[in-house]
Every structure is written in C-alpha cells, then in structure tokens.
There are 2 protein chains.
Amino acid sequence: MATDTKQRILDTAERLFAERGYAATSLRHIIAAAGVNLAAVHYHFRSKQELLKAVVARRIEPINRERIRSLEAAEREAGPEGPSVARILEAFLLPVFEASRHPDFEPSVFPRLFGMLYGESGDEVREFFVQEMQAVAARFFSALSRALPHLPEEEIYWRMFFSVGVIAHILRGGQELKLLSQGRCDFSRWEELAPRAVDFLAGAFAAPARTESHKVHG
Amino acid sequence: MATDTKQRILDTAERLFAERGYAATSLRHIIAAAGVNLAAVHYHFRSKQELLKAVVARRIEPINRERIRSLEAAEREAGPEGPSVARILEAFLLPVFEASRHPDFEPSVFPRLFGMLYGESGDEVREFFVQEMQAVAARFFSALSRALPHLPEEEIYWRMFFSVGVIAHILRGGQELKLLSQGRCDFSRWEELAPRAVDFLAGAFAAPARTESHKVHG
DNA sequence: GTCTATATGGGGATAGAC
DNA sequence: GTCTATCCCCATATAGAC
C-alpha cells in the first residue's frame, strides 16, 4: 500500500523518539523496528529533522484544536464573567492526557514524546513547535487574564510558563517519583493524575502577585 | 599541570552538554573546545557516560549541602511549628539559582545542565541522579509534611514532583517564553525569577486536596 | 599524563536500478 | 514507491610510543 510505509515510519519514529530521545535514535533503529527500507525515510520525509517535525505535527494539531474547542465551550457555559481558572486549566491539560488513550497508538507513547520535545530537539524544531503553539497560547492568555484581572500581564505569562513545566515533567514520565516516594506514587492512572495537576496549578495561579518591595526571606 | 586537563574537560563538557544535550555532544566537540587530546578523556574519566556523571556530581553535591543547611537554619529560626511552605521552598530553590552565579563558570551554564538531565541522559545516569537526590528529597518531604499536616503523604510527593517540573523547566531556559510572551518575559534576571517561582509553588502547595467524590468538570 | 595512530562500528544521505 | 549499494563522515574506545 502506498501510505502504509509512511505511516509505519511515523508510528515507529514516534515511539522510539519518545523512548530514547531524538539524538539517541538513529534512522537505522527506526527502519529496523518498522521493517522498512532506509531510503524510504528520505523519500517520504526529506531528513531526520523533517521526520521529527512530521511526528510532532501529527499529534499536536488535533490536541490544540481540542484545547480551543474546550475553552470556547467553557466560555459559552460561563457567562460574562468567564470560566474559572480551574476550568481553563482543564481545557488546556485534559486534551493532552486524553490523547494518550487514543486508539491509534500505544498509551503513554505520545506524552513522552512531548516531554522530550522540551528537553531535546534542535533550535529549528523548537521554533516549529512554538509556531504551532502561538495561537493557543494567546487564546489561553486572554482567558486567564480575564479570570485573574488583578495579576499583571507579565505575571500571567510567567505562570503559564511554569505550568508548561509541570505538564512537560508529567509527560516525561517521572521514573524518579516512584523511587523517591518509595513506590507510593505512580503513573499508571492518568485519569487521576490530571485532576491532581489541575488542582496544583489552580492553587498556583491563585497565589497573590508579590509586591516589588517584598523581600525574599520575609 | 596535572589537574588542569581534567578541569578543562569537566568545564567544557559541562558547557556543551548544557548547550546541546548529552547525545548530541560528542567527545570530539569537547576536546576541540577544551584544547585537549581525545585520549585524555578516557584516561581521566573512563567513558562518556562516566564523564557526565562527574560533571553532574561536581555541581549537585554542594547544592544539596546548601539546601539541607538552609532548611535546617529555617527550622531553627521557626520554632516548634516549623517553617512556612514558602521558606521551605526557598531552601530548595535558591541554592540552584544562586549556583548559576558562582565564579567558577559562566552564569546560566550549569542550570541548563540540570534542566537537560531530566529530559535526556540514559537510565544509568538518571539512577545516579536519583541516588544523589534521595536524602534531600526525604528531608524536604518531612519539612513539607509538617507544614501541611492536612495533606495526605502521597499528595505531598506529587506536589514535590510537580515542583521539580517547574524548576527543571526554568533551568532549561525557556526560549519559548520570550517568543510566546512577545518579549515581555525574559530570563536575564535570575534574582527576580526565583521569588516568582517560590510564590507560584507556595500557592500550589496551598491548594486544598481534592476529595475523592469531586468530579472534574464541577 | 599526554600524544599519535588506529580499531571498529554507526551515522545521515543519495544514486540509480527496478 | 521501493530496493541495493555506497559515499563520506563521525562516533567511542584503545594500544602503545614518548
């Protein structure tokens, strides 16, 4: 079949990039696992870097669509005062977590891919990623600004940035947590993890803005 | 000099690992930038992986000592009820941020190294890292448990884990933030960033624990 | 401790037949 | 669209002279 090879390359590359990182995964690993020919990778995608972009684009686009859809639904339901911070955060977080249960691919493969994106990948791929996120970030910034009118704009951006750190860290899988908590925490149930993260971040957004004169040690 | 070569390798490897990642940085890049011979790397360190461990160990040990020292100072000052969550978080966060101003190396080099550690690095190096963090994590877990007696132990671990995500994301440098905030946020002043992160996380720890029956969409 | 030289293997990319 | 064969470069690691 025409597209079968291309799909197999995408699926396998996604899995291996997520498991081992971008630089540490060679095209030869990918073609061996996918059962395709090396030249096919360069035929369907032009280079390893373009392959990574294709892998990312395939997942991020539906997720960002769902984020916007969910946020707009929340805004319709909420009336003029706008949705709560918790509801806005849900609109941002849940689509990612739910994507990990998509039938197209094994659970937990794709989230780690995104976690990896933040740590690794060259400047060009990161730029591409930022470009994909720009519209979504602006949209959520507006919603959060309305829900938190007392916070300076700059502070909203910082807190969004910190929140992305939490998400990326969760997606990265956190083998450390299981060890450091002596087995008390693990990642097997995503549906429990998302509410925890939402609560945590809602609390963080509720923190007052520090006044300029406030000293660190209080 | 005897130790000069070893130091130069360590310094250069630290910088390059931080800038480009572990897998993407070859020993040849390192020796070229350091002006030393390839064989010297294998003489002083046994392998590339051991070199990474050495790089990490050199920085993490004084930081973790300072974290413990600062936490103990806070506990002495606070009396029987123990220090506040914000003060505990400062004890954990500030040593990392302040390490970036150490005269030994260029600012902002080392923090990115730690940011990278979470995203990349093989299982063995991550295991080594967890081992280095175990005692510190246990110590801060105790302090946070005392400050937040209403939270289940498991929840404290989760929130510590989320917090590490924030730190790692900050350390990774966040070129995205500057772009997404249209230039309003940048990372040039670390001394302003740390209080922001402390406030954010203190708010997050102050969030109530979600009861089991609570539904996601409220 | 430091060098040169080399062993040994893997990397991305491409040409050209089918 | 898919294959084989190959170009050319780079990787980590080591042996052995100095």
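For the numbers below, each heavy atom of this structure counts, side chains included, while hydrogens, waters and symmetry mates do not. We name chains A, B, ... by the order of the sequence lines, and we start the count at 1 in each one. Just so you know, these numbers come straight off a predicted model, no measurement behind them.
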Worksheet item: Taking CG from B:L51 and P from D:dA13, how many angstroms apart are they, rounded to a whole number?
Response: 10 Å
Discussion item. According to salt bridge (charged side-chain N to carboxylate O under 4.0 Å, His left out), who are the partners of B:K48, at least two apart in sequence or on a separate chain?
Written reply: none
Worksheet, complete the sentence: Residues passing the salt bridge (charged side-chain N to carboxylate O under 4.0 Å, His left out) test with A:R184, sequence neighbours excluded, are B:E153
Worksheet item: Taking CD1 from A:I9 and P from C:dG12, how many angstroms apart are they, rounded to a whole number?
Response: 13 Å
Discussion item. Tell me the interatomic distance from A:R20, atom CZ, to C:dG11, atom C1', rounded to whole angstroms.
Written reply: 14 Å
Worksheet entry | B:I31 CD1 - D:dA13 C1' separation (whole Å) | 12 Å
Worksheet item: Got a sec, which residues hit side-chain hydrogen bond (donor to acceptor under 3.5 Å, both in side chains) with B:E192, two or more places apart in sequence or on another chain?
Response: B:R189, B:R196
Worksheet item: Can you tell me how far C1' of D:dG1 sits from CD of A:Q7, to the nearest Å?
Response: 15 Å
Item to complete: Could you check how far CD1 of B:I30 sits from P of D:dA11, rounded to whole Å?
Response: 10 Å
Item to complete: Using only side-chain N and O atoms of A:H42, determine if any of them is under 4.0 Å from OP1 or OP2 of C:dA15.
Response: no
Worksheet entry | Rounded distance in Å - OH (A:Y43) to P (D:dT2) | 7 Å
Worksheet item: Which nucleotide in the set C:dA13, C:dG1, D:dA13 lies at the smallest distance from any side-chain heavy atom of B:S47?
Response: D:dA13
Discussion item. Please report the distance, rounded to the nearest Å, between OH in A:Y22 and P in C:dG12.
Written reply: 8 Å
Quick test: give all pairs of protein nitrogen or oxygen and nucleotides 3-10 of chain D nitrogen or oxygen below 3.5 Å, distance rounded to 0.1 Å.
{"from": "D:dT4", "atom 1": "OP2", "to": "A:N37", "atom 2": "ND2", "distance (Å)": "3.2"}

Practice prompt. Give every residue pair that meets the salt bridge (charged side-chain N to carboxylate O under 4.0 Å, His left out) criterion with at least one member in residues 27-41 of chain A, sequence neighbours excluded.
Written response: none
Worksheet item: Taking the six-membered ring of A:F200, is NZ or CZ of B:R159 closer than 6.0 Å to its centre and within 45° of its axis?
Response: no
Worksheet entry | Minimum-distance nucleotide to A:L27 side chain [options: D:dG1, C:dT2, C:dG12] | C:dG12
Fill in: Main-chain N/O of B:L16 paired with B:T25 side-chain donor or acceptor, under 3.5 Å
yes
Discussion item. Checking B:E124 now: which residues fulfil salt bridge (charged side-chain N to carboxylate O under 4.0 Å, His left out) with it, not counting sequence neighbours?
Written reply: B:K53
